[in-house]
Amino acid sequence: MVRSGARRWRSRIATALLLLPAATWYALLLLVPLVILVVFSFGGRAPEGGYLPDFTFANYLELPTRATAFVNALWMALGGTVLCLLVGFPLAYYLATRAGSQRTLLLVLVVVPFWTSFLIRTYAWLTILGNNGIPSLLEDLGFGHIVLLNTPFAVLLGIVYNYLPLMVFPLYVSLERLDKRLLEASKDLGAGRWATFRQVTLPLSSAGVLSGVILVFIPIMGEYIIPALLGGGKVFFIGNALVDLFLQSRNWPFGSAAAIVLILVILTAVTIYLRVGSRGSGSREVSLL
Amino acid sequence: MTDRTTPPPRAAIDRAGRWVDRAFRIQATALYLFLYVPIALVVLFSFNAGNRTGELRGLSLRWYQVAVEDPFAMGALQNSFVVGAWTAVIATTLGTLAALALQRTPRRIRAVFEAITYVAIIIPGIVIGIATLIFFVNAFAWINPQLAGIWAAIGAGAPPTIGTGLHTIIAAHVLFTMAIVIVLVRARLAGMDRSLTEASFDLFASPLRTFVQVTLPQLRPAIITGALLAFTFSFDDYVIASFVAGPGKPTLPMYVFSSIRRGITPEINAIAAMVLTVTVTLLVIVSLIYRRSSRIAAAQRAAATADAAAGTS
């Protein structure tokens, strides 16, 4: 291919210009602030809130005072992820192998709630779990007064409800791609249902399991709305601590330290995902659409 | 969900298999109820004639009227539409341009850009809220004295100050919706028929003309889907907006959130039902576009194969 130098340069400049707006957006609103966040986390606190230039580990040393928020988020994220997986896997399996002609419709019905307002979906449970909802029903049935709202149970329920679609979709994709002849082969070789599931289905759908786990775990770690509405200040996550530190008490250096720890937890999860993922074979790309 | 399609041959003798099958179906039915009953209840209570969300006392459109006549709710709704529309336009434009540029960048730059794109998508909203808040606070702290200096130098009176408002929410929403558009358009570009572009060049079309007449029509479904998704995400976001919103200009989710905190009334249900209608309508549009474009693509592929077959015979 004969191409003059000037033309090549023109093409390069055109490419750079096309990329420039998006790159600027990423740099200014994501990358630079992340660097500032690190700087802030070692800084001192100005009297009226905000940041005072300094270099101290005080913010990190103060983190244990918010340990409950981290521990809550971590346990709930782990528990929520496992529950989503346990509940979502049979559904994904059903959709991929047994749903027949209604498969597309049923799949769409799983995805639709995910695209509807998160706030509204959480609000829905506020009424159901509130005193006029299930508790009053249970009281009428003679179970006594049971509080459901503002408990860890309510938060966990909200998490499973909101994130289940995000888990089912990648599971479905990997189970649907699974070669059904392998299942027949396993059966023909005398393996029982459970053995086939454990030795064929599960290993071959591990990519979907992994994608689903990471897709669900990360956003739950950063969750704010569910604990705020269904936990009622009794069950709070790092997200709630961060909103408090940045918007209410305006302790930005301490908030930055907490945010850095949240980012580190997420990075760890992603690293584990990539490590485990690269050990298997095949593509792990799962689209959200 | 109940009828059976083509039973496996040995099913009749396999009684255990039938039980497993039934268990799967019961679990699926239960999950669909779990997913939809809460949403249905929200809509049901929006028609409540009574004063409280939990107790249904006859049906009426009363709370819809309350919602429509509530100036704060309608102001917030308008804000959300403005933010969503601008987010969709900017995110789609920048995202599409970037996706096109990424096809021609060196591999290393592309890898870095892709990594940042995935980070922007997967990072929790709370982190995006904090990051954009930090950027705006620092930017305004730098810009406003500059503006004051310039205004003082030319003696133009009181200098303007730039602060948070709807524009800062838009900028923050563009950050992650743009990333979604990039992924969608890049996926489409990867599946595109390159021979058409080459044919266009062979017929001496200019790059711009090739882009407008060949590339753009093929990208259209991805671009429209990207725009609608950007709008939906922006319209739905509470966390990011609560960080960078200006005083007195809440979005609808912000209004709903603070109303819930003040106490639940069926007005919230009425607003929720209206929002659900908007979202579901957008979803139907997206799915129709996708179905149409995949049908057209299939037809084109079939035609191309037929042509090729005719050519070889």
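Throughout, a chain's letter reflects where its sequence line sits, starting with A, and its residues are numbered from 1.
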Tell me which of these, Val20(B), Val256(B), Leu282(B), has more heavy-atom pairs under 4.5 Å with chain A than the rest. Val20(B)
Quick check for you: among Leu276(B), Leu94(B), Ile128(B), Thr279(B), which has the greatest number of heavy-atom pairs under 4.5 Å with chain A? Leu94(B)
Could you tell me if the side chain of Leu31(B) sits less than 4.5 Å from the side chain of Leu164(A), heavy atoms only? yes
Which atoms of Leu19(A) are under 4.5 Å from chain B, going by heavy atoms: the side chain, the backbone, both sets, or neither? both
For chain B, the option from Pro165(A), Pro21(A), Pro90(A) that forms the most heavy-atom pairs under 4.5 Å: Pro90(A)
Let me confirm one number: the CD1-CZ distance from Ile225(A) to Phe257(B), rounded to the nearest 0.5 Å. 6.5 Å
Quick one: are Trp252(A) and Leu133(B) in side-chain contact, heavy atoms under 4.5 Å? yes
Atom group of Asn269(B) that falls short of 4.5 Å from chain A, counting heavy atoms: both
Start with the C-alpha gap between Phe118(A) and Asp237(B), add the side-chain angles, then the distance that decides, and say whether side chain to side chain contact (heavy atoms under 4.5 Å, CB included) holds. CA-CA 8 Å; Phe118(A) 197 92; Asp237(B) 166 70; over 6 Å; no
Which residue out of Val110(A), Ile266(A), Leu20(A), Leu34(A) racks up the most heavy-atom pairs below 4.5 Å with chain B? Val110(A)
With a 4.5 angstrom heavy-atom cut-off, could you sort out which part of Ile182(B) is near chain A: side chain, backbone, both or neither? side chain
If one checks every heavy atom of Leu283(B) against chain A at 4.5 Å, the contacting part turns out to be side chain
Do Leu41(B) and Ile128(A) make a side-chain contact, defined as non-hydrogen atoms from C-beta onward lying under 4.5 Å apart? yes
Quick one: what part of Ala228(A) sits under 4.5 Å from any heavy atom of chain B, side chain, backbone, both or neither? both
Atom group of Thr232(B) that falls short of 4.5 Å from chain A, counting heavy atoms: side chain
Side chains of Thr127(A) and Val42(B), heavy atoms from C-beta outward: is any pair under 4.5 Å? no
Heavy-atom proximity to chain B below 4.5 Å, by part of Val112(A): both
Using a 4.5 angstrom heavy-atom cutoff, name the option from Val160(A), Leu29(A), Ile120(A), Asn132(A) with the most pairs to chain B. Leu29(A)
Verdict with supporting geometry, Thr15(A) and Gln103(B), side chain to side chain contact (heavy atoms under 4.5 Å, CB included): CA-CA 9 Å; Thr15(A) 307; Gln103(B) 278 191 304; over 6 Å; no
Ile218(A) portion near chain B, given a 4.5 angstrom heavy-atom threshold: both
Heavy-atom pair count under 4.5 Å with chain A, highest-scoring of Tyr36(B), Phe136(B), Phe45(B): Tyr36(B)
To the nearest 0.5 Å, tell me how far Ile260(B) CD1 sits from Leu126(A) CG. 6.5 Å
Using heavy-atom distances under 4.5 Å, tell me whether Tyr161(A) contacts chain B through its side chain, its backbone, both, or neither. both
Side chain to side chain contact (heavy atoms under 4.5 Å, CB included) assessment of Phe24(B) paired with Leu91(A): CA-CA 7 Å; Phe24(B) 269 115; Leu91(A) 179 65; over 6 Å; no
Under a 4.5 Å cutoff for heavy-atom pairs, which residue among Ala16(A), Ala22(A), Gly133(A) has the most contacts with chain B? Ala22(A)
Contacting moiety of Ile263(A), where chain B heavy atoms sit under 4.5 Å: side chain
Part of Leu262(A) within contact of chain B (heavy atom distance under 4.5 Å): side chain
State, to 0.1 Å, how close Tyr32(B) and Leu106(A) come at their nearest heavy-atom pair, and which atoms those are. OH-O, 2.7 Å
Pick one of side chain, backbone, both or neither for Val270(A), based on which atoms fall under 4.5 Å of a heavy atom in chain B. neither
If we ignore hydrogens and angles and just use 3.5 Å, is the side chain of Glu223(A) paired with the main-chain N or O of Pro124(B) as donor and acceptor? no
Hey, could you give me the OG1/OH distance between Thr122(A) and Tyr238(B), rounded to the nearest 0.5 Å? 12.0 Å
Student check: side-chain heavy atoms of Leu229(B) and Trp115(A) closer than 4.5 Å: yes
Residue Phe233(B) versus chain A: region with a heavy atom under 4.5 Å: side chain
Contacting region of Leu31(A) [heavy-atom separation from chain B under 4.5 Å]: side chain
Is it the backbone or the side chain of Leu17(A) that comes under 4.5 Å from a heavy atom of chain B, or both, or neither? neither
Interface check, chain A: of Thr132(B), Val280(B), Thr93(B), most non-hydrogen pairs under 4.5 Å belong to Thr132(B)
Contact part of Ile130(B) toward chain A, heavy-atom cut-off under 4.5 Å: side chain, backbone, both or neither? side chain
Tell me, for Trp25(A) versus chain B, whether the close heavy atoms (under 4.5 Å) come from the side chain, the backbone, both or neither. both
So which part of Phe176(B) gets closer than 4.5 Å to some heavy atom of chain A, the side chain, the backbone, both or neither? neither
Pick from Ile126(B), Leu102(B), Val119(B) with the largest number of heavy-atom pairs that fall under 4.5 Å of chain A: Ile126(B)
Need one label for Ala139(B): side chain, backbone, both or neither, based on atoms under 4.5 Å from any heavy atom in chain A. neither
Counting distance only, does the side-chain N/O of Tyr94(A) pair as donor-acceptor with the main-chain N or O of Asp21(B) below 3.5 Å? no
How close do Ser242(B) and Leu247(A) get, heavy atom to heavy atom, and via which atoms? O-CD1, 3.7 Å
When rounded to the nearest 0.5 Å, the distance separating CG of Leu119(A) from CE of Met254(B) is 11.5 Å
Among Val275(B), Leu175(B), Ile122(B), Leu97(B), which residue has the highest count of heavy-atom pairs closer than 4.5 Å to chain A? Leu175(B)
Check whether any side-chain N or O of Tyr123(A) sits under 3.5 Å from a backbone N or O of Ala272(B) as a donor-acceptor pair, and report yes or no. no
Ala187(B) versus chain A, the contacting section by heavy-atom distance below 4.5 Å: neither
Taking side chain as everything from C-beta outward and backbone as N, CA, C, O, which of these in Ile180(B) sits under 4.5 Å from a heavy atom of chain A? Side chain, backbone, both or neither. neither
Compare all side-chain heavy atoms of Arg121(A) with those of Pro38(B) and state whether any distance is below 4.5 angstrom. no
Could you grab the distance from atom CZ of Arg98(A) to atom CZ of Arg25(B), nearest 0.5 Å is fine? 9.0 Å
For Tyr26(A) and Thr117(B), does a side-chain donor sit closer than 3.5 Å to a side-chain acceptor? yes
Below 4.5 Å, heavy atoms only, C-beta onward: do Phe135(B) and Leu30(A) meet side chain to side chain? no
Under a 4.5 Å cut-off applied to non-hydrogen side-chain atoms, are Leu157(A) and Phe34(B) in contact? yes
Applying a strict 4.5 Å limit to non-hydrogen atoms, the region of Val168(A) in contact with chain B is neither
All heavy atoms of Ile39(B) vs all of Pro113(A), minimum pair found to be CD1-CB, 4.4 Å
So what's closer than 4.5 Å to chain A heavy atoms on Val137(B): side chain, backbone, both or neither? side chain
